A.B. asks: 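One structure, as C-alpha cells, below. Some questions next.
Owing to the predicted nature of the structure, the values given are computational and were not obtained by experimental measurement. In what follows, every heavy atom counts, from backbone to side chain, and hydrogens, waters and symmetry copies are set aside. Residue numbers begin at 1 in each chain, while the letters A, B, ... track the order of the sequences.
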Amino acid sequence: MAKENQNQQAGAPNSERKTLDDRAKMTELERIRHSCAHVMATAILRLWPDAQFAYGPPVENGYYYDLECSHRISPEDFAAIEAEMKKEIKANNPLEKIVVTREQAIADAQSGRLGGLAERPGHASKFKLDLLKQIPEGEAISYYKNGDFIDLCAGPHVMRTGNVGAFKLTSVAAAYYKGDEKGPQLQRIYGTAFKNKTAMEEYFTMIEEAKRRDHRKIGTEMGLFAIDTEFVGPGMPLWLPKGTMIVEELEKLAKETEFAAGYLRVRTPHLAREKMYKTSGHLPYYAESMFPPMSLALDDKQVAELDRKIGELKKTLGELDADITNIQEKEKAVGGVEEDEEGLGEGEFREDKLRRELASLTAAREHGDRYYLKAMNCPHHHRIFAAEPKSYRDLPLRLAEYGTCYRYEQSGELFGLMRVRALNMNDAHIYCTEEQFAEEFRAVNDMYLKYFKIFGLEKYQMRFSTHAAEGLGKKYVNEPELWKKTEDMVRKVLIDSGINFVEVANEAAFYGPKIDVQVWSAIGREFTIATNQVDFAVPAKFGLTYRDKDNANKTPLCIHRAPLGTHERFIGFLIEHYAGNFPLWLAPDQVRVITLNDDPALIEYAKPIVAELRANMVRVDADYSATPFKAKISNAEQLRVHTMLVIGGRDMEAGAVSVRLHHGGPQGAKPKAEVIADILAKIKERRA
RNA sequence: GCCAGUUUAGCUCAGUGGUAGAGCAACGGUUUUGUAAACCGUCGGUCGUCGGUUCAAAUCCGACAACUGGCUCCA
C-alpha cells in the first residue's frame, strides 16, 4: 500500500482562511482534488452517516478531509470507501453552487444537513457552525452540492464528479482541529487525485523513486550511520567510519571557510550548570526540549555551608522586613509618601533579590548541584566572551565551534538523521556593534551562498522570520523597538543583496528575527538546513559588554549562524541530494584500484599507485583478488566507489591505468601520473 | 506526546495455529577472467520485549518499546 506524505505544507490552511481571491486562483488539479475531497466525504457518509466534517482542502500532492466519526477509519476501510467514491464519480453528479443567507446556513448546520447526506436531527454540523462564524459579515455564503451531499464551501470545484479522473486514498492520521494541540482531535484521511490514470501512475512512480534516495535507506546501504535505539537511544546516531569521513570533510570545509572569514575557533563542554540556562532564559521556557538535569549530591561540608548561608539570609530578610515596616510607619506619621518612595523602592528591590537568592539556595540544598546537557552553544560562547574584558577593538568577534548539542525532541518528531536528539552544529556567534551588524549579517549570507554553490544546491528558500506583536513578553522578549529596528536592518540587508526571500511573521526566535534556509527532503519533507539569527536580548542577560571609544560599557549584538546546520541534518540532506553518489571530495570510498586478476606482476604495478594516493590523503583501497573481474567492478559500483582504477596487462605495458567513474562509466586508459594528478586536483578544488 | 500502520538472519523479504525459509552479504573452497554480479559449500534467527489464550503461538489477545506516515513541535 502506498503511504506517502502529500501534505508537508498542510499545517497552514487550518490557521489561515483562504480568501475568495486565493480560491479563484486554484488550478484545475487543485479543483479536481478539492472536488475529490467532497466525493470522499460523500462515500464516508454512506458508510458511516454520523461522520462530522471539518476542513477538506487540496494540499500539495492531493487533499485531505478532517472528520469526527464513531468508527475509527483504518487503511483496511480504504477499499470500501474507494468503492463508494467510484459510484459517486460514475454517477457524474454536477457540483452545484448554491448561495444562501447566513440565517439559512446556520439553520442547515443546526439540523445536521451541512456536511451530510440528509438532515441529522440532534446532530448539528458542529464544525460547520464554527466555520460559519469565521466567514466575515458581508461575504457570500455558499454550498456545493453533489448528489445528496451538501457541504458548506466557497469552492471552486470541477463541473461534475466524473471530472475526477483518477484517485486513491493514501493514509490516515490524527489532526488537531484548527491545528490546536489542546483542541479536539480529528481523523484526517489523505487522498490524491489526478486528471487521469496515467498522471496518477507517474506520480506514484516518482514517489517510489524518491524513496530510493531516502537517506535512511542509503545510509544503511553505504554504512554511513546507525541508530542503536536499544543501547544508545532513539535519535542518537552513531557515525560509522564511512559517515565519519563525510563529517570530517565538512568540518574541514567549515574550518577553511571560517578561517578565511576571520572566525576564531573555540571548544566548550557539553554540560553547564543550571544557572547558565536560567540566565539565558532557556529555563524554564525550553526545559521541555532539554534532557532533564543531573543532580550532584552534596557532601556534609557543602550542606553545612548552605545551611549557614540560608540562615544568614533568613535573618537579613527578617531585619529587612522590620526596616520596611519602620519606613512605612514613618511615612504614615509624616503623611507624605512621595519623598520616601525611592527609599522604600530600594528596600523592596533588595528584598526581592535576597528572596530569589534564598529560593535558589533552598533548591540547591534539596536537589544538590544541577547540570544540564547543552541544547545550544550560545550560552557557552557568551561565557567565552565574558572570560576576558572586551574593547570595541575586539569587535566583531566571531567565535566558531562544531558544537555537540542534545535536545529532547518528542518521540514522534524523530526522523532518521534529519531530526535527532544528539546533534553537531556548525555554530558560530558573532559579537558586533550596531554599525557593524549589516556587513556581518551580509557576510554570513554570502557564506551560505558560497556553500550552496559548492554543493550544487539550487532548490532552497530563504525564509525571513519576524515576531508578532501579540507574542511580546510571552514567546518573544518584550522589546518592541528593538524588534522593529533589527527586523528593519535584516530586511534591508536582504533587499540590498538582492536575495529572494519570503517573510513569515510569528516565527522568530525568542531573542530576535532570523533567516532560515528551507530545503526539501527526497520524500518532500521541509527542513531548515541553515540559519542566521539576530540576538539583541541574551548578551544583555549575561551582562556582556565591551568598552567603547567613549569609555562607556555597551552591550554587543549577537549573530547566531549555522550555514551548514548540523552534521546530522546536512549529511542526511546531502545523501538525498546526491542520491548517495557523492562528489569525489566527499565520497567515503574515493578510489579503488582493481587488477584484472591476481597476477603478481599486476599487483606489483598497482601497489605504488595505491601508496602514492594514500600518501596524499586519498581514501583508496585495492582489490587484487582472483574474483572474476566483472564481479570486482560490480562490487565497487555497489559500494559507490567514486573512481575505479582498472589495471590489466595492457595498462601495465603502457604505464597507464584505465579509469572508470561510478557516475560515468569507463573513461579509457590514461598515463598513471596524469590520473593521480587529476584525482588530487579534483579533491583539492572540491569539484562537483 | 496524539492517530494509524509496521517490527521474522547484517540487508531485502516469504511464511495466518503444528514448533522458521529464500536471495544478497559474511566465511571456506574451486575459478585466472578487460568494465555491474562464476560455481560449490558453510555460518547465521528466544520471529521487537513482557504477559495472556491454547495440547500447541512468528501466527490469536493485551501491555510496553522502537520504527514508518501524518498531527503538534522545531531556541
A.B. asks: Of the listed nucleotides (G69(B), A75(B), A36(B)), which one gets closest to any side-chain atom of Tyr511(A)?
C.D. replies: A75(B)
A.B. asks: For A36(B) and Arg660(A) - does any side-chain N or O of the residue sit under 4.0 Å from the phosphate oxygens OP1/OP2?
C.D. replies: yes
A.B. asks: With under 30° as parallel and over 60° as perpendicular, where do the rings of His567(A) and Tyr402(A) fit, or are they tilted in between?
C.D. replies: parallel
A.B. asks: Is the NZ or CZ atom of Arg33(A) both under 6.0 Å from the centre of the six-membered ring of Tyr63(A) and within 45° of that ring's axis?
C.D. replies: no
A.B. asks: Whether the side chain of Ser289(A) and the base of A75(B) hold a donor-acceptor pair under 3.5 Å is what I'd like checked.
C.D. replies: yes
A.B. asks: May I ask you to say what Pro234(A) touches in the nucleic acid, namely base, sugar-phosphate or nothing, with a heavy-atom cut-off under 4.0 Å?
C.D. replies: sugar-phosphate
A.B. asks: So for Tyr176(A) and G1(B), does any side-chain atom that can act as donor or acceptor lie under 3.5 Å from a complementary atom in the base?
C.D. replies: yes
A.B. asks: With no angle test and no hydrogens, is the base of A37(B) tied to the side chain of Gln638(A) by a donor-acceptor pair under 3.5 Å?
C.D. replies: yes
A.B. asks: What orientation do Tyr511(A) and His560(A) show, parallel under 30°, tilted 30 to 60°, or perpendicular over 60°?
C.D. replies: parallel
A.B. asks: From the list A4(B), A36(B), C71(B), which nucleotide is the closest neighbour of the side chain of Val172(A)?
C.D. replies: A4(B)
A.B. asks: Respond yes when some side-chain nitrogen or oxygen of Arg216(A) is under 4.0 Å from OP1 or OP2 of U68(B), and no when none is.
C.D. replies: yes
A.B. asks: Within this structure, what is the CZ-to-C1' distance between Arg640(A) and A36(B), rounded to whole angstrom?
C.D. replies: 13 Å
A.B. asks: Name the closest nucleotide to the Arg72(A) side chain, picking from C3(B), A38(B), A75(B).
C.D. replies: C3(B)
A.B. asks: Is the aromatic ring centre of Phe510(A) closer than 5.5 Å to the centre of the six-membered base ring of A75(B), with the two planes inclined by less than 30°?
C.D. replies: no
A.B. asks: For Ser280(A), report the nucleic acid contact type (base, sugar-phosphate, nothing); a contact means any heavy atom under 4.0 Å.
C.D. replies: nothing
A.B. asks: For a quick check of understanding: with a heavy-atom distance under 4.0 Å over all strands, which category does Arg650(A) fall into, base, sugar-phosphate or nothing?
C.D. replies: base
A.B. asks: By the 4.0 Å heavy-atom rule, please label Lys514(A) as base, sugar-phosphate, or nothing.
C.D. replies: sugar-phosphate
A.B. asks: Looking for any heavy atom pair under 4.0 Å, which part of the strands does Asn635(A) touch: base, sugar-phosphate only, or nothing?
C.D. replies: nothing
A.B. asks: Among the nucleotides A75(B), A4(B), C2(B), which one has an atom lying closest to any side-chain atom of Gln185(A)?
C.D. replies: C2(B)
A.B. asks: If you look at every strand shown and take non-hydrogen atoms under 4.0 Å, does Thr627(A) touch a base, only sugar-phosphate, or nothing?
C.D. replies: base
A.B. asks: Side chain of Ala626(A): nearest nucleotide among A75(B), C67(B), U33(B)?
C.D. replies: U33(B)
A.B. asks: With a 3.5 Å cut-off and just heavy-atom distances, do the side chain of Ser171(A) and the base of G5(B) make a donor-acceptor pair?
C.D. replies: no
A.B. asks: Is the NZ or CZ atom of Arg569(A) positioned over Phe527(A)'s six-membered ring, under 6.0 angstrom from the centre and within 45° of the axis?
C.D. replies: no
A.B. asks: Nearest 0.5 Å please: distance from the CH2 atom of Trp520(A) over to the CD atom of Glu576(A).
C.D. replies: 14.0 Å
A.B. asks: For the side chain of Ala173(A), starting at C-beta, report the closest nucleotide among G5(B), G34(B), G69(B).
C.D. replies: G69(B)
A.B. asks: Would you call the rings of Trp483(A) and His467(A) parallel, tilted or perpendicular, taking 30° and 60° as the class edges?
C.D. replies: parallel
A.B. asks: Could one point to a donor on the side chain of Asn597(A) or the base of U33(B) with an acceptor on the other under 3.5 Å away?
C.D. replies: no
A.B. asks: Students often get this wrong, so: under 4.0 angstrom with heavy atoms, is Ala636(A) touching a base, only sugar-phosphate, or nothing?
C.D. replies: nothing
A.B. asks: His662(A) has a side chain; which of A36(B), U68(B), A75(B) sits nearest to it?
C.D. replies: A36(B)
A.B. asks: Regarding Ser411(A), tell me which of base, sugar-phosphate or nothing describes its non-hydrogen contacts under 4.0 Å with the strands shown.
C.D. replies: base
A.B. asks: So Gly649(A), base contact, sugar-phosphate only, or nothing? Heavy-atom distance under 4.0 Å.
C.D. replies: base
A.B. asks: Looking only at the side chain of Val646(A) (C-beta and beyond, no hydrogens), which of the listed nucleotides G34(B), C73(B), G69(B) gets closest?
C.D. replies: G34(B)
A.B. asks: Any N or O donor-acceptor pair under 3.5 Å from the base of C73(B) to the side chain of Arg419(A)?
C.D. replies: yes
A.B. asks: When you get a sec, tell me which of U72(B), G5(B), U31(B) is the closest nucleotide to the side chain of Gln410(A)?
C.D. replies: U72(B)
